[in-house]
Protein chains: 2
Amino acid sequence: MTQNETFVYQLLCDADRPLSAYNILDALRDKGIRAPLQVYRALAKLVERGAVHRIESVNGFVACQLHDCGGNEVSIFMLCTQCERAHEFTNISIDSRLQSLSNDLGFQVAHKVIEITGRCADCQTAQTAAPKH
Amino acid sequence: MTQNETFVYQLLCDADRPLSAYNILDALRDKGIRAPLQVYRALAKLVERGAVHRIESVNGFVACQLHDCGGNEVSIFMLCTQCERAHEFTNISIDSRLQSLSNDLGFQVAHKVIEITGRCADCQTAQTAAPKH
DNA sequence: ACAGCTATGTTATATTATAACATTCCGAAA
DNA sequence: TTTCGGAATGTTATAATATAACATAGCTGT
């Protein structure tokens with residue numbers, strides 16, 4: 001892992017929610033990261049190797065919360081609009097159904113996205129944003 | 001449906017692939033649409049009422065291909081990276097599993113996104129982009 | 001007529017992402 | 001040890017996507 005990738009990855013691991021590339025840029029100025037491309041390049045590598053996931057619904061990035069996703073199943077993200085936290089799951093059954101739907105149609109899958117936005121259990125209980133872990 | 005919404009919706013119905021807001025803007029200049037907000041406002045209304053879906057993976061918009069999606073199941077999109085066409089499906093089983101996964105976790109669902117990118121059957125056969133319909 | 005609501009229009013700006021090019025670093029081959 | 005080549009880095013500029021803030025117009029019910 002190169003230096004910039006390490007900075008970005010550590011930051012994402014410490015964060016409790018998806019960060020945008022520009023959030024990351026701002027947070028890493030003091031590490032000598034000055035331009036968006038430095039961040040985007042590190043993110044591209046990290047995503048490629050499954051250490052980080054891109055969250056399409058919020059244009060953000062999170063560290064993989066599972067087995068450092070070499071795994072091939074889709075990750076399912078639940079995204080709380082209130083506390084902004086992202087929880088990652090896998091579900092064999094959902095994944096295999098999606099895969100067979102694709103197979104039936106002769107569609108060659110490159111990437112799958114499953115994202116659910118809403119309000120997490122903690123935030124519903126709290127009526128206000130749940131405290132950080 | 002207001003005038004701007006009609007313009008945008010018609011354009012999306014005629015298109016055979018997701019269009020970006022700026023694609024739409026450019027296409028509707030001669031209808032008197034001049035600013036991004038005019039497009040984004042129309043899109044927001046159309047999406048709200050289920051006539052149009054936003055495709056997160058490509059930052060684009062497509063007209064609903066089903067029952068003018070008052071329906072509540074998730075739409076599953078297959079997005080071909082070659083011909084750029086989007087095909088929309090529903091699948092009760094996948095949807096209900098996703099829903100019960102959420103229920104089990106006490107997550108209150110507001111919106112679900114399922115998008116699969118890859119290569120459609122036509123494009124695999126053709127080795128080159130499939131012709132338009 | 002007027003109050004209030006929705007739709008519209010306009011300008012400016014914020015946010016997200018990439019192109020194009022120059023430089024540096026480091027390991028393997030000569 | 002030098003040098004070649006590829007990967008990583010850095011820098012500037014710009015493209016693409018999205019919203020804020022404010023002004024105006026049109027329509028409806030009283």
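Just so it is clear: chains get the letters A, B, ... in the order the sequence lines come, proteins before strands, and each one is counted from 1.
- Atom CD1 of B/Ile76 sits about 5.5 Å away from atom CG of A/Leu101, to the nearest 0.5 Å.
- OP1 and OP2 of C/dT6 both lie 4.0 Å or more from every side-chain N or O belonging to B/Lys45.
- Remark: C1' of C/dA17 and CG of A/Leu43 are 11 Å apart, rounded to the nearest angstrom.
- Between C/dT16 and A/Arg54, no contact under 4.0 Å exists linking OP1 or OP2 to a side-chain N or O.
- Looking at residues two or more places apart in sequence or on another chain, you find a side-chain hydrogen bond (donor to acceptor under 3.5 Å, both in side chains) between B/Arg97 and A/Ser93.
- The heavy-atom pair separating A/Cys123 from A/Cys80 by the smallest distance is SG-SG, 3.7 Å.
- Using a 4.5 Å cut-off between side-chain heavy atoms of Ile, Leu, Val, Met, Phe, Trp and Tyr, B/Ile92 forms no hydrophobic cluster with any other residue.
- Near DNA chain C, defined here as any heavy-atom distance below 4.0 Å, the residues from residues 26-41 of chain B are B/Arg34, B/Ala35, B/Leu37, B/Gln38, B/Arg41, listed numerically.
- Taken together through direct or relayed side-chain contacts under 4.5 Å among Ile, Leu, Val, Met, Phe, Trp and Tyr, A/Leu46 and A/Val58 form parts of separate hydrophobic clusters.
- Checking the phosphate oxygens (OP1, OP2) of C/dT16, a side-chain nitrogen or oxygen of A/Ser20 falls inside 4.0 Å.
- Interatomic distance, CZ of A/Phe61 versus NE2 of A/His53, reported as 12.5 Å (0.5 Å rounding).
- Annotation: side-chain hydrogen bond (donor to acceptor under 3.5 Å, both in side chains) contacts of B/Asn91 (sequence neighbours excluded): none.
- Reading DNA chain D from its 5' end, the first and the last nucleotide to sit under 4.0 Å from a heavy atom of chain A are D/dA8 to D/dT12.
- A straight line from CD of A/Glu56 to C1' of C/dT16 spans 12 Å, rounded to a whole angstrom.
- Close to C/dT6, at under 4.0 Å from its OP1 or OP2, lies no side-chain N or O of B/Thr2.
- Between the CG atom of A/Asn23 and the P atom of C/dA14 there is a distance of 16 Å, rounded to whole Å.
- Going from atom CG of A/Asn59 over to atom P of C/dA14 covers 18 Å, rounded to whole Å.
- Applying the salt bridge (charged side-chain N to carboxylate O under 4.0 Å, His left out) rule to B/Glu5 yields the partners B/Arg49; only residues at least two apart in sequence or on another chain are considered.
- B/Ser75 and B/Glu88 form a side-chain donor-acceptor contact under 3.5 Å, judged by distance and modelled atom types alone.
- We find that the ring of A/Tyr22 and the base of C/dT15 do not stack by the test of centres under 5.5 angstrom and planes tilted less than 30°.
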